[in-house]
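Scroll down for the structure; my scribbles are underneath it.
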Amino acid sequence: LIPSRQVLPDLNDIGLSARLNKNGFVAVDIGLACDSEIFTPEKVASQRAELPGWKFQKEYLRNWQAQTGQPVFDVEKLDKQKIHLRDPICRMDVETKDGKEKLIERPDGRVLVWVKPDDQPEGVPAHIEKVVRAFGMGIDVGEGVGQSDSTIQVFAADGREQAAEFASNKIIAADLGRLAAVIARYYNNALLCPVRPLHGITVIRVLVDECGYNFIWRDTHRAQMTERSTSNLGWAKAETGIAGPEALFGGWIDDINNGYCQIHSLTCFQQHQQYVYDEFGHIMHQKLAYLPLAVRQRHGDLVIASALARRACIDLPKFVKEQPKDFKPVGSFNWRMEQAAKNRKKDLSWE
């Protein structure tokens, strides 16, 4: 800021954009024309090609709100997912048999299935008869924004192919946890990555305490370039008060841009088209633009669940060892009961 009215013509002559503010000071906007030796027409053209659209405007033309309303997922690269879109091979729902809850096929089932846990992926070497695929699951609990859905997404760790999907705006958090446990066991004991805040904590408690399912992703402490595992189960979605921090969405955007995943659900694909940036560069669903930031975090949908499933997948091997039917994951309720029985036998060994 320059306290003079006499410098305006001189500044404009050398390529600076300047204006007087209400206090009589000159606000100077240093543009590309100020250094013609560095910002040659060729250099500017190359940067414009490298940073298309709003990114060039914000970086070089200092338009700080250029991203407002712009799509989060590159339209052309997202459109490449269209070749993967198809109807589910079946629908499934929970049924209780012999005191145990299992997924069975039903015409009106709530869980849409594209890949079954024993389906073999393409490209398996001929000398290998069968592989056991690992799966990651993302769970987002919607609450407080109209008809916001609670969602579950299942992706295969190899190739990150969408395997199953669930969405409902009527299911309560406790029932969502019970359903998630059944789906996870069906998909070869999938690694669950649920959101933790708000009703997400109810889902986690039901999974661990009631369903005895402990194979849950643990949050990490992110500091600069490193991540350190913590004892907190699930993803701290409320870290930024919006849809999700860059650590969550950044990786999923990269997967979409580079074709590292396969989306089969048309509804999920369409929801990806509806994600935009607000005036502050925050990621949000376009129908939430009028809502306060504190409310946006309670919106749940298939895109967030997909990003959570992707986060679980990258912490898994592509394939796992085939487990016996009575397999008890370490830390689960059945595993703890088995350990307690063993300890009781040790205590009575003197008899």
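The chain is numbered in sequence order, starting from 1. Basis for what follows: all heavy atoms, side chains included, without hydrogens, waters or symmetry-related copies.
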Common cluster, Leu266/Val115, ILVMFWY with side-chain heavy-atom separation under 4.5 Å: no
Does a sphere of radius 6.0 Å around CZ in Arg178 hold more than 12 heavy atoms from other residues, nucleotides or ligands, not counting ones at 6.0 Å or beyond? yes
Indicate the ring-plane relationship of Trp252 and Phe155, choosing parallel, tilted or perpendicular according to the 30° and 60° boundaries. perpendicular
With a 3.5 Å distance limit and no angle check, can you tell me whether Trp114 reaches the backbone of Arg86 through a side-chain donor-acceptor pair? yes
Can I get a per-line list of side-chain donor-acceptor pairs under 3.5 Å for residues 78-85, giving both atom names and the distance, sequence neighbours left out?
from: Gln81; atom 1: OE1; to: Ile263; atom 2: N; distance (Å): 2.9
from: Gln81; atom 1: NE2; to: Cys261; atom 2: O; distance (Å): 3.1

Are side-chain heavy atoms of Glu161 and Glu122 found at a separation under 4.5 Å? no
Tell me the closest heavy-atom pair linking Gln153 and Ala164, and the distance in Å. OE1-O, 3.2 Å
Spatial distance of atom CZ (Arg196) from atom CD1 (Ile201) [nearest 0.5 Å]: 7.0 Å
With rounding to the nearest 0.5 Å, note down the distance linking CG in Asp74 to CD1 in Ile256. 10.5 Å
Just how far is it from atom CG of Asn257 to atom CD1 of Ile253, taken to the nearest 0.5 Å? 7.0 Å
Taking side chain as C-beta onward, heavy atoms only, is Val131 less than 4.5 Å from Gln120? yes
Short question: side chain of Gln271, backbone of Leu302 - any donor-acceptor pair under 3.5 Å? yes
Side-chain heavy atoms of Val303 within contact of Gln274, under 4.5 Å: no
Contact between Arg160 and Ile314 at the side-chain level, heavy atoms closer than 4.5 Å - yes or no? yes
What do the steps show when you test Glu165 against Val111 for side-chain contact (heavy atoms from CB on, under 4.5 Å), and what is the final call? CA-CA 6 Å; Glu165 175 182 287; Val111 182; over 6 Å; no
How close do Ile204 and Pro194 get, counting heavy atoms only, and between which atoms? CG1-CG, 3.8 Å
When every non-hydrogen atom of Pro317 is compared with those of Ala157, the smallest separation belongs to O-CB, 3.5 Å
When the ring planes of Phe249 and Tyr275 are compared, do they come out parallel, tilted or perpendicular, using 30° and 60° as the limits? tilted
Side chain Gln162, main chain Ser265, donor-acceptor under 3.5 Å: yes
Test side-chain contact (heavy atoms from CB on, under 4.5 Å) on Ser150 and His199 and set out the steps. CA-CA 10 Å; Ser150 290; His199 292 278; over 6 Å; no
If you measure from CG on Asp158 to CZ on Phe319, what distance do you get to the nearest 0.5 Å? 4.5 Å
Taking the side chain as every heavy atom from C-beta outward, state whether Asn189 and Tyr213 have any pair of such atoms under 4.5 Å apart. yes
Could you report the tightest heavy-atom contact between Ala180 and Met137, atom names first, then the distance? O-CE, 3.8 Å
Are Leu103 and Val206 connected in a single hydrophobic cluster, I mean Ile/Leu/Val/Met/Phe/Trp/Tyr linked by side-chain heavy atoms less than 4.5 Å apart? no
Just how far is it from atom CD of Glu101 to atom CD of Glu95, taken to the nearest 0.5 Å? 10.5 Å
Using the rule that two of Ile, Leu, Val, Met, Phe, Trp, Tyr join whenever any of their side-chain heavy atoms come within less than 4.5 Å, decide whether Leu112 and Tyr187 are in one cluster. no
Under the criterion side chain to side chain contact (heavy atoms under 4.5 Å, CB included), which of Thr151, Ile139, Ile152, Leu248 is the partner of Leu308? Leu248
Would you say Leu191 and Phe215 make side-chain contact, with heavy atoms under 4.5 Å? yes
How close do Val203 and Gly177 get, counting heavy atoms only, and between which atoms? CG1-CA, 3.8 Å
Membership question, hydrophobic clusters at under 4.5 Å side-chain separation (ILVMFWY): are Ile183 and Ile89 in the same one? yes
Working to the nearest 0.5 Å, report the span between CD1 of Ile216 and CG of Asn232. 12.0 Å
Closest approach of Ala167 to Asp149 (non-hydrogen atoms, all atoms of both residues): CB-OD2, 3.9 Å
Within-4.5 Å side-chain heavy-atom neighbours: Ile104 and Asp93: no
Just wondering, do Lys116 and Tyr186 contact through their side chains at under 4.5 Å, heavy atoms? yes
